[in-house]
Trainee: 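The structure follows.
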Amino acid sequence: MSESTLSKAYDAASVEKRWYGLWEERGYFAPSDAGQAPAYCIMIPPPNVTGSLHMGHAFQDTIMDALIRRQRMLGGRVLWQTGTDHAGIATQMVVERQLEAEGTSRHDLGRALFLERVWKWKQQSGGTIVRQLRRLGASCDWSRERFTMDPAMSHAVREAFVRLYNEGLIYRGKRLVNWDPVLLTAVSDLEVIAEEEQGSLWHLRYPWAEGEGYVVVATTRPETMLGDVAVAVHPDDERHAHLVGRELLLPLTGRRIPVIADTHVDPAFGTGCVKITPAHDFNDHEVGARHQLPVINIFTPDARINDQAPEAYRGLDRFEARKRVVEDLQQAGLVERIDPHKLMIPRGDRTKAVLEPYLTDQWFVKAAPLAEEAMRAVEDGRIRFIPGNWDKTYFEWMRNIQDWCISRQIWWGHRIPVWYGPDGHPFVCNCEEMVYEMAAERYGQVVRLTRDPDVLDTWFSSALWPFATLGWPKETPELQRYYPTQVLVTGFDIIFFWVARMIMMGLKFTGEVPFREVYITGLVRDADGNKMSKSKGNILDPLDLIDGIDLESLVEKRTRDMMQPQLAAKVAAATRAEFPNGILAFGTDALRFAMAALAVQGRDIKLDLGRVEGYRNFCNKLWNATRFVLMNAEGHSFTGLVEARTLPDRWILSRLQKVIAVMDGAMERYRFDEAAAALHRFLWGEFCDWYLEMVKPVLYDEALAEVEKNHTRRVMVATLECSLRLLHPLMPFITEELWQKVAPLIGRGGATIMRAPWPVVEASREDAALEAEADFVMALVTAVRNVRGEMDIPPGKRLPLLVSGEAGAIEMLRRHEGLIAVLAKLESWSELAGDVPEGAATAVLPGMRIFMPLSGIIDPAAEIARLEKTLQKLEADLARVTGKLTNAGFLSNAKPEVVAGEQAKAREFTEKRQVLLDSLTRMRRLGGAG
RNA sequence: GGGCGGAUAGCUCAGCCGGGAGAGCAUCGGCCUUACAAGCCGAGGGUCACGGGUUCGAACCCUGUUCCGCCCACCA
């Protein structure tokens with residue numbers, strides 16, 4: 001018996017558990033090898049191995065999976081390439097923190113042992129995020145999973161480095177870079193987060209070397225004065241022009257420094273005199289270079305004062321040094337004043353340490369030549385951003401692109417493939433053995449080489465992801481088949497870090513774009529619109545929405561390991577207020593559907609749990625609709641039947657074609673919100689609310705022949721079966737579960753819905769005239785229900801109905817009287833003969849007036865109120881339409897069909913108005929009499 | 001300083017080519033109608049941020065203003 005196979009309520013957990021393992025085991029995620037079918041490929045943005053799944057992943061991976069599943073059903077050779085990123089700095093920090101807890105450090109271990117330790121950590125903990133990804137139903141091809149530190153990936157990285165180097169696009173140089181004094185490494189410009197903080201502007205007096213007086217300079221970093229080499233004024237600044245060329249005595253150091261003129265100075269800021277510290281400020285460095293000034297570095301790598309500075313300050317941390325320098329200057333009477341001042345402080349995006357401009361040897365990628373090609377690819381449409389306006393952001397950055405500092409002084413990462421000879425000559429090669437041969441050739445003997453100790457920026461390997469994962473630099477079949485990939489789905493936050501660099505590298509090494517489209521998603525925010533972050537304590541874990549979580553566990557989770565434990569109480573309180581009962585288990589499908597429904601283009605999404613719950617209910621609705629279908633179709637044979645005979649059958653099939661078309665259009669335009677809305681509206685609002693109700697009188701009619709019922713049973717099953725396929729990309733689990741039961745009934749079964757064909761519009765099933773007839777039936781039923789609802793008539797009470805109107809409308813009613821009688825709970829209907837009975841409620845439909853004699857049942861006053869309300873709305877509508885039709889401009893300028901439409905409305909409204917007025921008159925009479 | 005978004009029902013958001021303001025949630029009323037109370041049937045709720053313009057007609061196009069958000073940038 002069918003009913004026993006489906007429980008009464010949908011239980012997401014038990015359904016979801018059943019399928020993923022099977023799909024993966026049976027290899028359904030791997031590309032089909034279907035001959036010459038078109039290839040379709042998406043590269044997952046590889047999540048950090050250190051990461052765990054967050055809402056952003058849930059959002060983006062749902063979108064990617066929906067695209068992939070649909071394409072797979074369309075029959076393409078579909079690859080969703082997956083893998084993880086070694087995340088150099090993040091991973092190294094995780095392991096270093098562990099070492100710290102054990103009372104040791106990476107330096108105690110040494111490089112080799114440390115790396116071993118990181119690999120061990122990766123083995124044990126690196127799989128978290130890919131396990132979580134599976135819970136989302138992500139159908140990536142795990143058999144091709146890559147890690148950015150795999151040997152093949154490392155080979156590709158070295159190859160890319162060597163080729164760029166040989167072309168002069170990678171070079172080494174001593175430059176001022178952003179330096180993280182905690183991590184002791186350079187970082188790229190993009191890894192600098194500048195935030196406004198409250199500081200001070202110190203006004204310092206620098207006395208003249210000869211004679212009386214001083215110059216006042218304003219600075220936000222007084223401690224760097226120990227490295228000053230000049231004071232600059234603007235060449236056109238008349239106040240200071242006479243000072244240029246004279247010498248100052250730099251306080252605390254005894255050094256003499258010149259006053260110079262440079263246009264960098266803004267005469268309007270501070271005193272118009274700027275101290276120049278080429279070693280510790282990007283602008284000053286340029287000024288220094290222009291004037292051939294010396295560069296005096298006063299910091300050690302961990303930002304303590306070094307031996308270049310006077311002895312008194314050596315060894316002091318930069319912040320202590322600041323205090324001491326200011327104190328000493330104050331003692332000497334050299335501080336004029338200290339103003340509060342807001343300024344931008346640069347911090348490292350990982351360590352949050354204040355960064356220092358620091359002069360070191362680093363490796364750089366010469367970006368401008370690569371950027372040129374990359375811009376052209378977007379200009380000429382080889383790559384398209386969705387939404388389109390992101391190309392502005394892209395161009396803006398590309399036009400002003402700076403050389404990319406790619407060397408990092410950390411250990412976890414791709415080591416730079418450069419070896420130095422005894423004289424410092426660099427040998428750059430993909431293969432270590434070859435390097436020694438190259439060296440032997442140069443020096444005439446075998447020599448010892450030392451390898452560059454640095455590793456590459458993690459984003460360097462990420463930039464190669466789209467082709468390196470497919471086998472580059474080898475010309476593999478996969479590379480030929482799947483590259484360029486179709487679409488990249490990612491967030492705007494990594495357009496520069498990743499998207500732009502993939503485009504540059506892709507074009508450079510393959511001559512082709514890495515992807516044809518870039519779909520930029522919004523950010524998932526909390527219910528109040530705040531960015532989710534650990535420190536704010538407002539993180540929602542997608543798995544908690546899937547599995548549910550009780551309040552105490554949620555509070556514990558949000559307050560555990562907080563960077564600022566003092567916030568824990570506040571976070572706990574806010575959590576208790578927002579989720580007094582914890583979070584319900586909504587299941588993966590509901591979460592995915594919510595993500596799709598909220599995926600509006602060009603806008604961040606505020607995660608509304610009510611929405612997720614609503615879609616959990618939708619799952620349940622679907623579940624129960626399927627139970628109903630199974631109960632009524634199982635055990636019957638309707639093979640060979642293809643016709644749709646009844647109005648409901650023909651109507652639902654016609655509507656189904658529309659949904660298929662809408663779904664295709666929406667998915668192709670990346671309008672997942674439209675896709676979700678169309679499916680929801682069709683399945684709940686049309687299939688369940690109307691069709692399944694309309695089918696009941698047919699199936700329950702004992703007088704009707706089985707064959708007639710079987711026609712309807714078949715349509716019912718076929719419609720559901722097709723809908724499940726349409727829904728599958730967004731709700732993979734429940735659709736598989738239900739499809740396995742439904743599809744065999746129409747001989748369509750298969751091992752998995754994943755490989756079932758994507759629905760195709762059957763134009764012959766579309767029938768506008770029939771839909772209009774169905775609309776009439778539904779409007780009539782709704783009108784009766786409306787009266788019932790407003791008049792508080794008991795739902796079970798059967799009512800008689802009187803109608804009058806056009807022959808066509810009456811005929812439609814006659815054709816579907818059985819259906820209408822059931823849906824509207826009518827006792828009988830007849831054409832109005834003579835006067836409208838006293839106390840009848842009235843409603844007006846296109847071409848028909850209906851009257852329900854309710855004398856003694858309804859309250860005349862209530863009916864009067866109802867009619868007046870309707871009339872009021874109608875009057876407003878009529879006034880608007882009349883206004884247009886009496887406007888000469890409208891009549892002469894508007895399109896004829898628009899005018900005709902308005903005229904039709906005017907006739908309809910006028911007629912309706914008259915009916916309502918008549919009814920009101922009657923009711924008032926009755927009310928007055930009673 | 002430059003650039004990009006956003007402002008529509010109590011809340012979260014749709015609204016396509018300019019032509020009768022929509023959905024979900026929440027609210028109110030009535031229902032255990034044998035698929036579903038995670039449900040069914042109804043109802044109420046809007047100065048489309050504000051000003052000006054174009055147009056026969058503007059939530060939509062142009063322009064100005066206010067507020068909110070984000071990105072980029074070397075004012076010491």
Side-chain angles (χ1 to χ4, degrees), chain A residues 3 6 8-10 194 201 217-221 224 232 264-266 268-271 273-277 281-286 341 343-344 357 387 389-390 392-393 396-397 400 492-493 495-496 522-523 525 527 529 531 584 597-598 600 602-611 613-632 665 669 671 673-674 677 680-681 685 688-689 692-693 696 782 785-796 825 866 869 876-877 880-881 883-884 887-895 897-899 901-902 905 909:
Chain A
E3 207 177 343
L6 287 190
K8 196 173 171 192
Y10 168 60
L201 191 60
V217 299
T219 180
T220 55
R221 299 206 54 190
T224 64
H264 156 247
V265 181
D266 175 1
F269 186 88
T271 59
C273 302
V274 188
K275 62 193 267 315
I276 299 298
T277 322
D281 183 279
F282 288 101
N283 289 310
D284 291 6
H285 193 78
E286 284 176 26
H341 182 68
L343 74 163
M344 302 297 275
N389 56 291
W390 285 108
K392 292 204 183 80
T393 305
E396 183 62 20
W397 189 68
N400 303 306
F492 59 84
D493 49 333
I495 289 181
F496 307 144
L523 218 60
R525 297 169 176 278
K531 210 161 156 174
L584 286 173
L598 295 169
V600 171
R603 193 166 171 149
D604 288 348
I605 62 181
K606 284 192 214 177
L607 189 64
D608 176 6
L609 289 195
R611 236 17 217 274
E613 186 174 352
Y615 295 128
R616 188 272 314 249
N617 296 351
F618 179 49
C619 290
N620 191 51
K621 187 75 179 174
L622 191 65
W623 184 263
N624 279 293
T626 303
R627 280 179 64 219
F628 174 83
V629 170
L630 293 176
M631 276 177 210
N632 288 285
R669 287 176 298 119
R671 288 300 306 258
D673 57 327
E674 276 183 22
H680 189 268
R681 198 182 322 115
C688 290
D689 286 351
L692 292 186
E693 295 306 319
K696 285 176 184 174
T782 302
R785 284 175 176 172
N786 180 305
V787 172
R788 302 183 78 112
E790 295 264 302
M791 296 296 108
D792 279 352
I793 293 165
K825 289 232 160 59
R866 191 184 71 89
K869 195 174 64 188
D877 287 342
R880 187 172 17 75
V881 173
K884 282 191 186 185
N887 180 332
F890 175 76
L891 294 173
S892 57
N893 293 335
K895 281 176 274 184
E897 62 265 31
V898 173
V899 176
E902 295 296 315
K905 273 185 233 163
F909 292 162

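Just so we're on the same page: letters track the sequence lines, and every chain starts at 1.
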Trainee: Quickly work out the A:Asn400 CG to B:A73 P distance and round it to whole Å.
Mentor: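 Distance check: A:Asn400 CG to B:A73 P gives 9 Å.
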Trainee: In whole angstrom, what separates A:Ile605's CD1 from B:G5's P?
Mentor: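 Atom CD1 in A:Ile605 sits about 19 Å away from atom P in B:G5.
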Trainee: With the side chain of A:Asp608 defined as its heavy atoms from C-beta on, choose the nearest nucleotide among B:A35, B:G19, B:U12.
Mentor: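 For the A:Asp608 side chain, the nearest candidate turns out to be B:U12.
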Trainee: Can you tell me the base-pairing partner of B:U33? Count Watson-Crick or G-U wobble geometry only, both distances below 3.5 Å, and say none if there is no partner.
Mentor: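 By the stated definition (distances under 3.5 Å), nothing pairs with B:U33.
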Trainee: Please determine, for B:A7, whether a Watson-Crick or G-U wobble partner exists with both distances under 3.5 Å, and give it or none.
Mentor: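 Across all strands, the one nucleotide that pairs with B:A7 is B:U66.
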Trainee: Please tell me if the side chains of A:Val899 and A:Lys884 come closer than 4.5 Å, counting only heavy atoms from C-beta onward.
Mentor: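 Side chain of A:Val899 against side chain of A:Lys884, heavy atoms only: no contact under 4.5 Å found.
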Trainee: Round to a whole Å and report the spacing from CG of A:Asp604 to P of B:A7.
Mentor: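 A:Asp604 atom CG is separated from B:A7 atom P by 13 Å.
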Trainee: Could you give the distance separating B:U34 and B:C16 at their C1' atoms, to the nearest angstrom?
Mentor: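 To the nearest whole Å, 44 Å.
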Trainee: For B:G22, which nucleotide in any strand shown is its Watson-Crick or wobble partner with both distances under 3.5 Å?
Mentor: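 Check on B:G22: paired to B:C13, both distances under 3.5 Å.
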Trainee: Tell me if a side-chain donor or acceptor on A:Asn400 pairs with a main-chain N or O of A:Glu396 at a distance below 3.5 Å.
Mentor: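 Looks like yes, one N/O pair under 3.5 Å.
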Trainee: Kindly say if A:Asn786 contacts the phosphate of B:C41, meaning a side-chain N or O under 4.0 Å from OP1 or OP2.
Mentor: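 Indeed not, no polar side-chain atom of A:Asn786 lies that close.
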Trainee: Whole angstroms only, please: what is the CD-P distance between A:Glu613 and B:U12?
Mentor: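 Distance check: A:Glu613 CD to B:U12 P gives 18 Å.
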Trainee: In terms of side-chain heavy atoms of A:Asn283, which of B:C56, B:A38, B:C74 is nearest?
Mentor: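 So the side chain of A:Asn283 is nearest to B:C74.
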Trainee: If you assign each of A:Arg671 and A:Thr220 to its closest nucleotide in RNA chain B, which residue comes earlier from the 5' end?
Mentor: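 Its nearest nucleotide lies further toward 5', so the answer is A:Arg671.
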Trainee: A:Lys884 has a side chain; which of B:A35, B:G42, B:G19 sits nearest to it?
Mentor: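 Nucleotide nearest to A:Lys884's side chain: B:G19.
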Trainee: Is the phosphate of B:G69, meaning OP1 or OP2, less than 4.0 Å from a side-chain N or O of A:Lys531?
Mentor: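 Indeed not, no polar side-chain atom of A:Lys531 lies that close.
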Trainee: With rounding to whole Å, what would you report as the distance between B:C56 and B:A49 at their C1' atoms?
Mentor: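 Looking at atom C1' only, B:C56 and B:A49 are 27 Å apart.
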Trainee: Under the rule syn = chi within 90° of 0, otherwise anti, which is B:C17?
Mentor: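 Here the answer is syn: the torsion falls within 90° of 0.
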Trainee: Measuring from the side chain of A:Asp266 (C-beta onward, heavy atoms only), which nucleotide among B:C75, B:G29, B:A76 has the closest atom?
Mentor: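 For A:Asp266, the side-chain atoms sit closest to B:C75.
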Trainee: Less than 4.5 Å apart, side chain to side chain, heavy atoms only: is that true for A:Arg525 and A:Leu607?
Mentor: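 Side-chain contact under 4.5 Å: no.
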Trainee: Looking at the side chain of A:Asp689, which of B:A76, B:C41, B:C16 is the nearest nucleotide?
Mentor: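 For the A:Asp689 side chain, the nearest candidate turns out to be B:C41.
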Trainee: If you measure from the C1' atom in B:A38 to the same atom in B:C32, how many Å do you get, rounded?
Mentor: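 So the two C1' atoms sit 15 Å from each other.
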Trainee: Distance from A:Ile793 atom CD1 to A:Lys825 atom NZ, nearest 0.5 Å?
Mentor: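 One gets 12.5 Å once the value is rounded to the nearest 0.5 Å.
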Trainee: Does B:U33 have OP1 or OP2 sitting under 4.0 Å from an N or O in the side chain of A:Lys825?
Mentor: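 For A:Lys825, the contact criterion (side-chain N or O under 4.0 Å from OP1 or OP2 of B:U33) is not met.
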Trainee: Mind checking who B:A59 pairs with, Watson-Crick or G-U wobble, both distances under 3.5 Å?
Mentor: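 Paired with no nucleotide.
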Trainee: Under 4.0 Å between any heavy atoms, over every strand shown, what does A:Cys688 touch: base, sugar-phosphate, or nothing? Just pick one.
Mentor: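 Contact class for A:Cys688: base.
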Trainee: Where the side chain of A:Phe496 is defined as all heavy atoms beyond and including C-beta, which of B:C72, B:A35, B:A14 is the nearest nucleotide?
Mentor: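 Of the candidates, B:C72 comes closest.
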Trainee: Nearest to the side chain of A:Ala625, which nucleotide is it out of B:A73, B:A35, B:C70?
Mentor: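 Nearest listed nucleotide: B:A35.
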Trainee: Taking any heavy-atom pair under 4.0 Å as a contact, classify A:His341: base, sugar-phosphate, or nothing.
Mentor: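 Sugar-phosphate contact only.
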Trainee: Please give the distance between the P atoms of B:G19 and B:C25 as a whole number of Å.
Mentor: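 Their P atoms lie roughly 28 Å apart.
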Trainee: Would you indicate whether the side-chain heavy atoms of A:Thr393 and A:Phe496 approach each other to under 4.5 Å?
Mentor: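 Of all side-chain heavy-atom pairs linking A:Thr393 with A:Phe496, at least one is under 4.5 Å.
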Trainee: At less than 4.0 Å, is any side-chain N or O atom of A:Arg616 found next to OP1 or OP2 of B:G39? Yes or no.
Mentor: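 It does not, given that no N or O in the side chain of A:Arg616 lies less than 4.0 Å from OP1 or OP2 of B:G39.
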Trainee: Of A:Arg525 and A:Val898, whose closest RNA chain B nucleotide lies nearer the 5' terminus?
Mentor: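 Comparing both residues, the 5'-ward one is A:Val898.
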Trainee: Would you say A:Arg603 places a side-chain N or O within less than 4.0 Å of OP1 or OP2 belonging to B:A7?
Mentor: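 Indeed, a polar side-chain atom of A:Arg603 lies that close.
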Trainee: Given the structure, check if the side chain of A:Lys621 and the base of B:C36 hold any donor-acceptor pair shorter than 3.5 Å.
Mentor: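 Yes, a donor-acceptor pair under 3.5 Å.
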Trainee: Can you confirm whether A:Leu598 sits close enough to A:Lys606 that some side-chain heavy atom of one is under 4.5 Å from a side-chain heavy atom of the other?
Mentor: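 The answer is no; the side chains never approach within 4.5 Å.
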Trainee: Quickly work out the A:Leu598 CG to B:C11 C1' distance and round it to whole Å.
Mentor: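 Distance check: A:Leu598 CG to B:C11 C1' gives 13 Å.
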Trainee: When you compare B:A9 with B:A23, how far apart are their P atoms, in angstrom units rounded to a whole number?
Mentor: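 About 14 Å, rounded to a whole number of Å.
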Trainee: Determine: side-chain N/O of A:Asn632 to OP1/OP2 of B:A35, distance under 4.0 Å, yes or no.
Mentor: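 No, A:Asn632 has no side-chain N/O under 4.0 Å of OP1/OP2 on B:A35.
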Trainee: Between C1' on B:G19 and CG on A:Asn893, what's the gap in Å once rounded to a whole number?
Mentor: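 So the CG-C1' distance, A:Asn893 to B:G19, works out to 13 Å.
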Trainee: Can you tell me how far P in B:A37 sits from the matching atom in B:G5, rounded to whole Å?
Mentor: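 These two P atoms come out 47 Å apart once rounded.
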Trainee: Tell me whether the side-chain N or O atoms of A:Glu693 pair up with the base of B:A35 as donor and acceptor below 3.5 Å, since no angle test is needed here.
Mentor: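 For A:Glu693, whose side chain was compared with the base of B:A35, there is a donor-acceptor pair (under 3.5 Å).
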Trainee: Looking across every strand, which nucleic acid part, if any, lies under 4.0 Å from A:Val274 by heavy atom: base, sugar-phosphate, or nothing?
Mentor: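 If one applies the 4.0 Å heavy-atom cut-off, A:Val274 turns out to touch a base.
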Trainee: So if I take every side-chain heavy atom of A:Lys869 and compare against B:A37, B:G44, B:C41, which nucleotide ends up nearest?
Mentor: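 Out of B:A37, B:G44, B:C41, the nucleotide with an atom closest to A:Lys869's side chain is B:G44.
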Trainee: Would you call A:Glu902 and A:Arg880 a salt bridge, using N to O less than 4.0 angstrom?
Mentor: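 Result for this pair is no, no salt bridge flagged.
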Trainee: Determine the contact category for A:Gly602: base if any of its heavy atoms lies under 4.0 Å from a base atom, sugar-phosphate if only primed atoms, P, OP1 or OP2 are that close, otherwise nothing.
Mentor: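 Result for A:Gly602 = sugar-phosphate.
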Trainee: Taking atom P in both B:A58 and B:C48, what distance in whole Å separates the two?
Mentor: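 B:A58 and B:C48 have their P atoms separated by 12 Å.
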Trainee: Please answer whether the main-chain N or O of A:Asp284 pairs with a side-chain N or O of A:Asp281 as donor and acceptor at a distance below 3.5 Å.
Mentor: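 Yes: the side chain of A:Asp281 pairs with the backbone of A:Asp284.
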Trainee: Between B:A76, B:C36, B:C16, which nucleotide gets closest to the side-chain atoms of A:Arg669?
Mentor: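 Ranking B:A76, B:C36, B:C16 by closest atom to the A:Arg669 side chain puts B:C16 first.
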Trainee: Looking at A:Lys606, does any N or O in its side chain come under 4.0 Å of the phosphate oxygens OP1/OP2 on B:U12?
Mentor: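 Yes, within the criterion.
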Trainee: Could you work out which one of B:U12, B:G19, B:G42 sits closest to the side chain of A:Glu790?
Mentor: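 For A:Glu790, the side-chain atoms sit closest to B:G42.
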Trainee: Suppose we define a pair by two distances each less than 3.5 Å, Watson-Crick or G-U wobble; what does B:U27 pair with here?
Mentor: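 Here B:U27 is engaged in a pair, and the nucleotide opposite it is B:A43.
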Trainee: Would you say that A:Phe492 contacts A:Asp604 through its side chain, given a criterion of any heavy-atom pair below 4.5 Å between the two side chains?
Mentor: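 A:Phe492 vs A:Asp604: side chains touch.
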Trainee: Starting at atom OH of A:Tyr615, determine the distance to atom C1' of B:U12, rounded to an integer number of angstrom.
Mentor: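 To the nearest whole Å, that distance equals 10 Å.
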Trainee: When rounded to the nearest Å, what value does the distance between P atoms of B:G6 and B:C17 take?
Mentor: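 It comes out at 15 Å once rounded to the nearest Å.
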Trainee: Rounded to the nearest angstrom, tell me the gap between atom NE2 in A:His285 and atom C1' in B:C75.
Mentor: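 About 19 Å, once rounded to whole Å.
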Trainee: Is there a donor-acceptor pair closer than 3.5 Å between any side-chain N or O of A:Asn620 and the backbone N or O of A:Tyr10?
Mentor: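 A pair under 3.5 Å: yes.
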